[in-house]
Each structure stands twice: as structure tokens, then as C-alpha cells.
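Beneath this line is the structure, given in C-alpha cells, with notes to follow.
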Amino acid sequence: MNDNNSVTKKICEILGNTSRKACVRSFGCQLNVSDGEKIKGLLSDMGCDFTDDETEADIIILNTCAVRESAEDRIFGILGSMKKLKELKPSLIIGVSGCMTAQSHAAEKIRKSYPHVSFVMGTSAISSLPKLLLDCIQGTKFASDISEYDDFSATVRQVRESSFKASVPIMFGCNNFCTYCIVPYVRGRERSRQPDDIINEVRELVQNGYKEIMLLGQNVNSYGSDLGGKMSFPQLLRELDAIDGDFIIRFMSSHPKDATTELIDAIFECGKVAKHLHLPLQSGSSSVLERMNRRYTAEKYLETVDCIRQRDPDFSLTTDIIVGFPNETDGEFRATLDIMKRVEYDNIYSFIYSKRSGTKAAEMEDMTSEEEKSCRMRELLAVQREISSEHYKRFIGRTMRVLVDDVSKKREGFLTGKSSEFIIVEFEGEPSLIGSFAQVKITEAMNWAVRGELIK
Ligand code: SAH
Ligand code: SF4
Ligand code: F3S
């Protein structure tokens with residue numbers, strides 16, 4: 001840390017009063033976006049300003065995701081197009097951070113095929129950013145640090161994108177090794193942050209006017225399992241709920257195998273905790289779930305859903321689904337559709353299975369054609385569209401408390417926000433309401449959002 005401070009100081013000296021503009025682009029999940037905010041925190045300490053326009057940047061950092069092949073292809077495409085920028089401005093520093101750098105084949109490809117990239121920084125090496133930049137400024141052609149310095153990054157100040165919504169990582173890594181997933185290989189094992197650090201951070205955010213706190217982890221409900229019984233996730237929710245102030249607590253993602261009754265009790269009993277649960281199903285077929293190493297069956301998943309819906313029949317659930325896992329049969333796919341119809345999710349995030357080298361599923365035989373997988377995906381999306389538009393009708397006539405996010409890009413004069421249930425709500429109103437809670441009476445349901453009228 002001290003060493004880092006002295007490197008940061010040295011960079012400030014070298015840069016003098018010349019202003020440097022940095023462009024940080026994060027891809028993938030919210031944890032990665034949160035890392036991007038830490039990268040910005042370090043850059044800001046080095047005197048950098050920020051821009052979204054790559055052509056005016058002196059430093060560009062691509063904070064990458066490796067969860068699917070399409071995510072990687074996109075990054076390689078962007079990296080390719082940056083060659084021109086570097087030719088136009090030879091002093092430009094281009095860095096690559098995030099999950100792609102933790103895969104040796106991707107890191108090697110970046111080094112070999114994209115010589116205009118100045119440095120590569122691993123997911124646990126954010127703290128080395130000042131040193132990497134100093135090396136680049138002093139003439140190193142290609143600097144790299146993919147070591148594991150670990151949780152130093154938890155203490156890095158974030159330059160947050162929003163002034164009213166804050167994400168707070170509560171744990172890093174994942175122990176679950178779902179057979180399709182690269183995350184445990186690129187993010188390491190589960191490490192929980194100390195409860196006091198999280199509680200103090202949330203208290204400070206709330207004091208600074210933040211209205212939404214999003215707790216982040218690959219599997220938040222196993223929070224604390226490495227803390228020797230000091231605190232569990234439901235206990236943490238209760239501690240945060242007790243903080244004074246008008247704010248909402250969200251969290252993501254929860255693994256169904258760890259969705260205990262203690263967690264469900266905490267959601268219902270804590271007034272500030274959103275009435276919404278993102279519970280990734282992945283597949284509605286128990287045999288596929290077993291091949292995925294998800295460690296729950298379709299029946300067990302439905303028991304959890306029933307337990308929630310017995311307490312509130314309208315409770316909002318969203319999920320992730322993978323279509324076309326190796327050798328998924330038509331019957332197994334239909335089992336997923338059946339659960340979707342039974343649960344009536346408010347929203348689903350669906351992905352066609354993508355082979356990730358190094359994972360167990362990459363070794364599995366897969367006879368299902370890509371064409372068949374695309375066909376299943378289209379069917380699944382059509383089924384969900386139907387479910388959402390029907391299901392959203394339950395909100396008509398109700399008054400929802402909405403955290404106002406922005407002006408609507410679809411309708412002039414309208415604002416958009418999210419309700420406690422994580423439903424997009426549109427209504428007519430003044431932009432001055434952005435960042436505050438509004439009461440909206442719902443009049444209309446669509447398949448992606450609801451519309452209503454502001455209650456003055
Ligand atoms: N930790 C979270 C999710 C992390 S990745 C959880 O367990 O819920 C986000 C989503 O990407 C996953 O839920 C899964 O649906 C999808 N995903 C992960 N690996 C994938 C792969 N190889 N192919 C397609 N989708 C994948
Ligand atoms: Fe990946 Fe499974 Fe861990 Fe989620 S729980 S990050 S899907 S291995
Ligand atoms: Fe992607 Fe890494 Fe998140 S692989 S989904 S950015 S943890």
C-alpha cells in the first residue's frame with residue numbers, strides 16, 4: 001500500500017500538471033463493473049480525468065469478461081480496432097484487465113496478436129495498476145502483472161458511475177465449479193469481506209445520499225462461510241437493514257442450493273431489503289442440473305419457490321437459464337419451459353451454452369446442433385414474453401415505490417426507474433426526480449415494463 005502510494009506520487013510528478021484522460025470500459029457482470037470503478041479510483045488518485053470517448057483518451061483500459069465466447073470475441077474485435085488509435089497517438093497506453101487476462105491462452109493471444117496493448121493486469125492485481133502505468137510511461141513495451149495480491153482491492157476507493165446507486169462487493173471468487181462456468185478459474189476461491197468493513201461502507205454510502213445498495217458476489221448467500229461463523233448472509237442483511245436512512249438493499253446472485261429459510265425470513269422481515277430474488281435456475285431438468293454440478297434438483301428448486309410464494313404469491317423472481325447444455329435433449333429443454341411457466345418469472349436472462357476451455361463441460365460430448373440450440377432459444381424467449389406480459393398485469397392498480405433512474409429513451413417527457421420488485425416502471429415526470437423515490441400508480445402492463453402515473 002505504502003509502496004503503491006509512492007508509485008502514485010511518482011506518476012503525478014512525471015505527469016506534472018498535464019492533464020491525462022482515461023477511458024475505462026467494463027464488460028460482464030456487476031462485480032467486474034465494480035472492479036472498473038476501483039480502477040477509476042486509482043486513476044483518479046494519479047490525477048486522471050475520465051472520458052467515454054476513446055479518441056481523446058491518453059489511457060484506455062478494457063476490463064474484460066470471459067464468461068462466454070461471444071464476450072471474448074467482442075473484446076478481441078475492440079482491441080483490433082484500437083490499433084488505429086495507437087498509430088494516431090503513439091503515446092496512448094492501452095491496458096487489458098479483468099477475467100480474460102486470467103486465462104493463459106487469452107493473455108498469450110493479447111500479447112502476441114495485439115502488440116499495441118501496453119499492459120495486462122490480472123483480476124487480483126488491480127493494486128498493481130500504478131506500477132504498471134509507471135513502467136509503460138517509462139518505456140516498457142509490454143508490462144504484465146497477473147499475480148494474486150488479493151483483497152487489497154477491497155480497500156480501493158471506487159469512482160462510482162452513479163450518485164445514488166452503489167454496488168458493494170461483499171465477497172470475491174466462487175467455490176461451486178458449475179461444469180460450464182469459467183468464473184472459479186478466473187476469480188479464484190470464495191473470500192468474504194469482513195462484516196464491519198461492509199457495514200461501515202454501506203453506512204457511509206447512505207450518509208452520502210445513496211438510495212440503492214447492491215450487494216455483490218458470485219454466490220452472496222454463501223457469504224461468511226469462510227469467516228468461522230462470525231456472520232452469515234441473512235445476518236448481514238439484518239445488520240444492514242438496521243442502518244438509519246431511506247434506502248433499498250438488493251443483492252446478486254443467490255445460488256438456489258444456499259437459499260435457506262433464514263434467507264427467506266430475512267428478505268420478508270427486513271423492510272429495506274427489496275422484494276425480489278434473482279435465483280438462477282440454469283435448467284429445469286434434474287439430469288441436466290446434475291451434469292451442470294448445480295447441486296439441487298428441479299424439485300428442490302420448486303420447493304424454495306413455493307416457500308417464498310406461500311408467504312407472498314406475487315413475490316418477484318428472476319432467473320438465468322442456459323439453453324443447449326451439452327447433449328440437452330428436447331425433453332430436458334421442455335422441462336425448463338415447464339418450470340418457467342410454473343414459476344412465472346418477471347424476467348429471465350437466457351444464454352446459449354458456450355464452451356469454455358478448461359471447464360468440465362468442455363470435455364462433454366455434444367450432439368445437439370447449433371441450429372437446434374438457436375431454435376430452442378427463440379422458443380424460450382417467446383414463452384417468456386408471454387409470461388411477462390401476463391404476469392406484469394398483477395401490478396395494474398397498485399402503487400409502486402420507484403427509485404427513479406433516468407429519463408426514458410423510449411418516450412419523451414417520461415422517466416424510468418425500478419420498483420422494489422426490480423420491475424422497470426415508466427411514468428411522466430420532471431428529471432429533477434432522478435435519484436429519488438417516487439410513488440407511481442400502475443395503469444398499464446407491457447412485456448418488458450409497466451407504466452403508471454406519478455402520485456403527487
Ligand atoms: N454466479 C452467478 C452467475 C455468474 S455468470 C450464479 O451462479 O448465478 C452469469 C450467468 O452466465 C450464469 O448464471 C449462467 O446462466 C451464464 N453462464 C455462465 N457460464 C456460461 C456458459 N459457459 N455458457 C452460457 N452461459 C453461461
Ligand atoms: Fe459460475 Fe456456478 Fe460459480 Fe455462478 S455459482 S459463478 S455459475 S461456478
Ligand atoms: Fe464475466 Fe468475470 Fe463476471 S467472467 S461474468 S466478468 S466474474
Side-chain angles (χ1 to χ4, degrees), residues 25-36 39 62-75 96-103 106 122-124 126 153 167 169-191 215-223 225 251-259 277-284 288-289 291-296 301 317-326 328 336 345 347-364 366 368 370 373-374 376-377 380:
R25 289 183 64 183
S26 291
F27 301 82
C29 64
Q30 297 190 57
L31 272 158
N32 214 40
V33 172
S34 160
D35 279 354
I39 291 172
L62 293 186
N63 189 28
T64 62
C65 169
V67 79
R68 281 171 290 276
E69 200 178 351
S70 54
E72 285 193 357
D73 288 348
R74 191 165 163 219
I75 301 290
V96 182
S97 63
C99 294
M100 259 172 80
T101 64
Q103 291 175 288
T123 50
S124 298
I126 290 177
S153 72
S167 55
I170 60 167
M171 60 193 296
F172 306 98
C174 181
N175 288 353
N176 292 317
F177 288 95
C178 303
T179 54
Y180 51 81
C181 186
I182 198 71
V183 172
Y185 302 93
V186 294
R187 289 277 169 174
R189 296 296 71 72
E190 272 175 26
R191 288 100 58 201
L215 308 175
L216 295 179
Q218 292 300 349
N219 181 5
V220 281
N221 42 354
S222 75
Y223 170 82
S225 53
F251 55 88
M252 200 167 276
S253 277
S254 304
H255 196 299
K257 78 176 167 57
D258 300 313
L277 187 62
H278 182 67
L279 201 59
L281 169 68
Q282 312 298 2
S283 168
V288 173
L289 288 171
R291 303 206 297 279
M292 288 178 163
N293 189 34
R294 288 292 286 177
R295 286 179 271 179
Y296 54 86
Y301 184 95
L317 291 164
T318 54
T319 202
D320 290 351
I321 288 173
I322 295 178
V323 174
F325 185 76
E328 179 192 62
T336 300
Y345 293 103
N347 204 354
I348 61 165
Y349 304 87
S350 50
F351 314 97
I352 292 186
Y353 167 74
S354 169
K355 189 173 174 173
R356 304 283 62 209
S357 94
T359 62
K360 280 207 171 144
E363 309 298 318
M364 294 178 189
D366 189 3
T368 320
E370 289 306 312
K373 291 182 186 193
S374 301
R376 285 180 193 169
M377 179 59 122
L380 179 128

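For ligands, and for the atoms within them, numbers begin at 1 and follow the listed sequence. The chain is numbered in sequence order, starting from 1. Everything numeric in this text was worked out from a predicted model, so none of it was measured.
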Measuring from atom 24 (C) of ligand 1, which candidate in Leu281, Ile352, Thr359 has the nearest non-hydrogen atom? Ile352
Atoms in ligand 3 with a heavy atom of [X] nearer than 4.0 Å:
| X | answer |
| --- | --- |
| Arg187 | 7 (S) |
| Gln218 | 7 (S) |
| Asn32 | 6 (S) |

Identify the closest protein heavy atom to [atom]: which residue and atom is it, and at what distance?
| atom | result |
| --- | --- |
| atom 7 (S) of ligand 2 | Tyr180 OH, 3.4 Å |
| atom 23 (N) of ligand 1 | Ser354 N, 2.9 Å |
| atom 4 (S) of ligand 3 | Ala66 N, 3.3 Å |
| atom 25 (N) of ligand 1 | Arg68 NH1, 3.3 Å |
| atom 9 (C) of ligand 1 | Asp320 OD2, 3.8 Å |
| atom 2 (Fe) of ligand 3 | Cys99 SG, 2.2 Å |
| atom 1 (Fe) of ligand 2 | Cys181 SG, 2.3 Å |
| atom 15 (O) of ligand 1 | Gln282 OE1, 2.7 Å |
| atom 4 (Fe) of ligand 2 | Gln218 O, 4.2 Å |
| atom 5 (S) of ligand 1 | Val67 CG2, 4.0 Å |
| atom 5 (S) of ligand 2 | Asn176 ND2, 3.3 Å |
| atom 8 (O) of ligand 1 | Pro280 CG, 3.0 Å |
| atom 3 (Fe) of ligand 3 | Cys29 SG, 2.3 Å |
| atom 3 (C) of ligand 1 | Gln218 OE1, 3.9 Å |
| atom 19 (N) of ligand 1 | Tyr180 CD1, 3.3 Å |
| atom 3 (Fe) of ligand 2 | Cys174 SG, 2.3 Å |

Under 4.0 Å from any heavy atom of Arg356, which atoms of ligand 1 are there? 22 (N)
Report, in ascending order of atom number, the atoms of ligand 1 lying under 4.0 Å from any heavy atom of Tyr353. 23 (N), 24 (C)
Could you walk me through whether Phe325 and Met364 satisfy the side chain to side chain contact (heavy atoms under 4.5 Å, CB included) test, starting with their C-alpha distance in whole Å, then the side-chain angles of each, then the deciding distance to 0.1 Å, before giving a yes or no? CA-CA 10 Å; Phe325 185 76; Met364 294 178 189; 3.9 Å; yes
[X] side chain near [Y] side chain, heavy-atom distance below 4.5 Å:
| X | Y | result |
| --- | --- | --- |
| Tyr345 | Leu281 | yes |
| Val288 | Thr336 | no |
| Lys360 | Asn293 | no |
| Thr179 | Arg291 | no |

At the 4.0 Å heavy-atom cut-off, does [X] count as touching ligand 1?
| X | value |
| --- | --- |
| Arg294 | yes |
| Asn219 | no |
| Val183 | no |

Under 4.0 Å from a heavy atom of [X]: give me the atoms of ligand 2 that qualify, with their elements.
| X | value |
| --- | --- |
| Pro184 | 8 (S) |
| His255 | 5 (S) |
| Phe177 | 8 (S) |

Take every heavy atom of Arg294, measure it against each atom of ligand 2, and state whether any distance is under 4.0 Å.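 Yes, Arg294 has a heavy atom closer than 4.0 Å to ligand 2.
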Checking contacts here: is it the side chain or the backbone of Pro280 that comes within 4.0 Å of ligand 2, counting heavy atoms only? Could be both or neither. neither
Residue part near ligand 2, for Cys178, under 4.0 Å between non-hydrogen atoms: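 For Cys178, backbone and side-chain atoms both sit under 4.0 Å from ligand 2.
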Would Met292 and Ser283 satisfy side chain to side chain contact (heavy atoms under 4.5 Å, CB included), going step by step from the backbone distance to the final call? CA-CA 9 Å; Met292 288 178 163; Ser283 168; 4.1 Å; yes
Check whether any heavy atom of Gly98 sits under 4.0 Å from an atom of ligand 3. no
In terms of ring plane angle, is the pair Tyr301 and Tyr296 parallel, tilted or perpendicular, where the classes change at 30° and 60°? tilted
If you apply the rule side chain to side chain contact (heavy atoms under 4.5 Å, CB included), what do you find for Cys65 with Arg74, and how did you get there? CA-CA 10 Å; Cys65 169; Arg74 191 165 163 219; over 6 Å; no
Expected output: side-chain Thr123 to main-chain Val186 donor-acceptor under 3.5 Å: yes
Got a donor-acceptor contact below 3.5 angstrom from the Asn32 side chain to the Phe27 backbone? yes
Looking at every non-hydrogen atom in both residues, tell me the closest pair between [X] and [Y] and how far apart they are.
| X | Y | value |
| --- | --- | --- |
| Leu216 | Gln30 | CD1-O, 3.4 Å |
| Asn176 | Glu190 | ND2-OE2, 4.4 Å |
| Arg356 | Tyr180 | CG-O, 3.7 Å |
| Phe251 | Ser254 | CE1-OG, 3.3 Å |
| Pro184 | Phe177 | CB-CE2, 3.6 Å |
| Lys373 | Thr368 | CE-O, 3.6 Å |

When you compare the side chains of Asn63 and Asp35, does any donor N or O come within less than 3.5 Å of an acceptor on the partner?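 No, Asp35 and Asn63 have no side-chain donor paired with an acceptor closer than 3.5 Å.
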How about Cys65: does one of its N, O or S atoms come closer than 2.8 Å to atom 2 (Fe) of ligand 3? no
Does Lys257, at its NZ atom, have more than 12 non-hydrogen atoms belonging to other residues, nucleotides or ligands within less than 6.0 Å?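 More than 12 within 6.0 Å, yes.
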Assess whether atom CZ of Arg295 is packed by more than 12 heavy atoms of other residues, nucleotides or ligands within 6.0 Å. yes
